[in-house]
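Please read these numbers as outputs of a predicted model, since none were measured by experiment.
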Amino acid sequence: IFGSLGYQIAEGPDIETEHYNFNALNIPESHPARQMHDTFYLPGIDKNGENLVLRTHTSPVQVRTMEQGEPPFKFISPGRTYRCDSDQTHTPMFHQIEGLVVEEGASFAQLKGLLNEFLTDFFGEEVELRFRPSYFPFTEPSAEVDILSDKGKWLEILGCGLVNPIVLENCNINSKKYSGLAFGLGIEPELIRRASETIVGCAKAFSELDATMVEVNPLVISKQKQILALDCKMSFDNNAMFRRDKVSELRDKTQEDEK
């Protein structure tokens, strides 16, 4: 989706310094995220004497990318992130996608239009969005975006805002000339929501397939089920064993059996 909108992909290290993970993003030492019960601190220090952490978000990639180039910027930064958090809805390691645009005249209206386009494309035309005022040290103003579920409940989906001028200045970007918009979301919750829709669709497809078993050779049905299972699996699993060529191979064998 973002590729079609002209976004590039930027990546960075999983092990970060406090500067890139916190300081450059306007996260003060008093912020709760910097406490040991929220962040994985690693033993030792880097060559500049800074503490090392497992990055708590992919925002450090944005800082590194801005330091190494000149605006305008337009990219997403997907990757693993780590937090001391483990319960029924959180894991210590999870994945994020964050996006950043820095250019002259970037506005909140532009941000809302972008997210509306992305979420409509991702979830479908029927999705209803809500922007709620929020607070993040690295954006100002900030908002959280919710979607309305089928049960009539609002579900938090991502955070966003205009890049705080302090962050731009920390990256040697003239905040009086340039402005930026940023957003970030966790991948796992979105995949779970998409997977639930896929599972329902697969169950219906299997039922329709079973209804034809009276007239079709069971061996053929078995292989057709394998193809369907692989197609469903590919909707939310990137494992190499479920590549498209495997599906094509099974489909060819099924056609031979049918003949």
Side-chain angles (χ1 to χ4, degrees), residues 2 5 7-12 16-35 38-39 53 55-69 71-79 81 83 85 94-119 122 129-147 154-187 189-190:
F2 287 111
L5 297 175
Y7 282 73
Q8 303 297 314
I9 296 177
E11 297 180 322
E16 275 292 2
T17 65
E18 284 189 301
H19 169 74
Y20 285 107
N21 200 76
F22 298 123
N23 298 343
L25 292 162
N26 194 40
I27 301 177
E29 292 186 8
S30 59
H31 196 281
R34 299 187 67 152
Q35 305 303 311
D38 280 333
T39 299
V53 301
R55 65 183 183 186
T56 58
H57 44 191
T58 57
S59 299
V61 178
Q62 299 177 352
V63 177
R64 290 180 176 274
T65 303
M66 287 190 285
E67 284 184 344
Q68 296 169 5
F73 297 103
K74 189 177 183 181
F75 62 88
I76 58 172
S77 50
T81 54
R83 297 180 188 175
D85 201 356
F94 57 101
H95 296 79
Q96 276 190 340
I97 292 180
E98 296 191 20
L100 178 72
V101 175
V102 176
E103 60 188 15
E104 295 185 44
S107 67
F108 205 90
Q110 179 183 352
L111 174 62
K112 290 186 69 176
L114 167 65
L115 294 179
N116 266 299
E117 182 174 356
F118 164 62
L119 293 174
F122 188 82
L129 308 181
R130 178 179 71 177
F131 287 77
R132 289 183 292 108
S134 188
Y135 168 77
F136 304 108
F138 32 82
T139 54
E140 185 182 45
S142 305
E144 293 185 72
V145 181
D146 304 327
I147 61 171
W154 290 101
L155 304 174
E156 179 184 331
I157 203 75
L158 59 82
C160 63
L162 295 185
V163 180
N164 194 313
I166 295 176
V167 175
L168 294 177
E169 294 292 342
N170 288 342
C171 299
N172 300 315
I173 294 176
N174 186 350
S175 61
K176 294 182 179 180
K177 181 179 180 180
Y178 296 101
S179 55
L181 57 89
F183 57 90
L185 67 156
I187 297 177
E190 317 322 322

Checklist entry - When rounded to the nearest 0.5 angstrom, what is the spacing between OG in S77 and CZ in R64? => result 12.5 Å

Checklist entry - Are any non-hydrogen side-chain atoms of L111 and L115 less than 4.5 angstrom apart? => result yes

Next on the checklist: Side chains of K177 and E104, heavy atoms from C-beta outward: is any pair under 4.5 Å?
Outcome noted: yes

Checklist entry - Between P78 and A10, what is the shortest heavy-atom contact and its length? => result CD-O, 4.0 Å

Checklist entry - Does the side-chain contact (heavy atoms from CB on, under 4.5 Å) test come out yes or no for F2 and I9, once each step is laid out? => result CA-CA 9 Å; F2 287 111; I9 296 177; over 6 Å; no

Item to check | Min side-chain heavy-atom separation R132-E156 under 4.5 Å | outcome: yes

Next on the checklist: Looking at every non-hydrogen atom in both residues, tell me the closest pair between T139 and A182 and how far apart they are.
Outcome noted: CG2-CB, 4.3 Å

Checklist entry - Could you give the distance from CD (E67) to CD1 (I173), rounded to the nearest 0.5 Å? => result 9.5 Å

Next on the checklist: Going by side-chain hydrogen bond (donor to acceptor under 3.5 Å, both in side chains), name the residues that satisfy it together with E140, two or more places apart in sequence or in a different chain.
Outcome noted: none

Next on the checklist: I want to check something: taking the side chain as every heavy atom from C-beta on, are N170 and F138 in contact at a cut-off of under 4.5 Å?
Outcome noted: no

Checklist entry - Mind checking whether F122 and I147 have side chains closer than 4.5 Å, heavy atoms only? => result no

Item to check | Any side-chain heavy-atom pair of F183 and L114 under 4.5 Å | outcome: yes

Checklist entry - Closest heavy-atom contact between S107 and L181? => result O-CD2, 3.9 Å

Checklist entry - Are F94 and R83 close enough that some pair of their side-chain heavy atoms sits under 4.5 Å apart? => result yes

Item to check | Rounded distance (nearest 0.5 Å) linking atom CD1 of I97 with atom OG1 of T81 | outcome: 11.0 Å

Donor-acceptor pairs under 3.5 angstrom involving side-chain atoms of residues 158-169: please list them, not counting sequence neighbours.
{"unit_1": "N164", "atom_1": "OD1", "unit_2": "I166", "atom_2": "N", "d": "2.9"}
{"unit_1": "N164", "atom_1": "ND2", "unit_2": "P137", "atom_2": "O", "d": "3.2"}
{"unit_1": "E169", "atom_1": "OE2", "unit_2": "S175", "atom_2": "N", "d": "3.0"}
{"unit_1": "E169", "atom_1": "OE2", "unit_2": "S175", "atom_2": "OG", "d": "2.7"}

Next on the checklist: Tell me whether K74 contacts the main-chain N or O of L5 through its side chain, where contact means a donor paired with an acceptor under 3.5 Å.
Outcome noted: yes

Item to check | Cationic tip of R55 above Y20 ring, under 6.0 Å, 45° of axis | outcome: no

Item to check | Nearest non-hydrogen partners of Q110 and G105, listed with the distance | outcome: OE1-O, 4.2 Å

Checklist entry - Do the side chains of E16 and V63 get nearer than 4.5 Å, heavy atoms only? => result no

Checklist outcome for this item: When rounded to the nearest 0.5 Å, the distance separating CG of N116 from CZ of F131 is 5.0 Å

Checklist entry - Between CD of Q96 and CG of L185, what distance do you get to the nearest 0.5 Å? => result 8.0 Å

Item to check | Sidechain-backbone polar pair: E98 side chain, T58 backbone, donor-acceptor under 3.5 Å | outcome: yes

Checklist outcome for this item: Heavy-atom closest pair (F73 atom, T65 atom, distance to 0.1 Å) is CE2-O, 3.7 Å

Checklist outcome for this item: Here the gap from N172 atom CG to Q68 atom CD, rounded to the nearest 0.5 Å, amounts to 12.5 Å

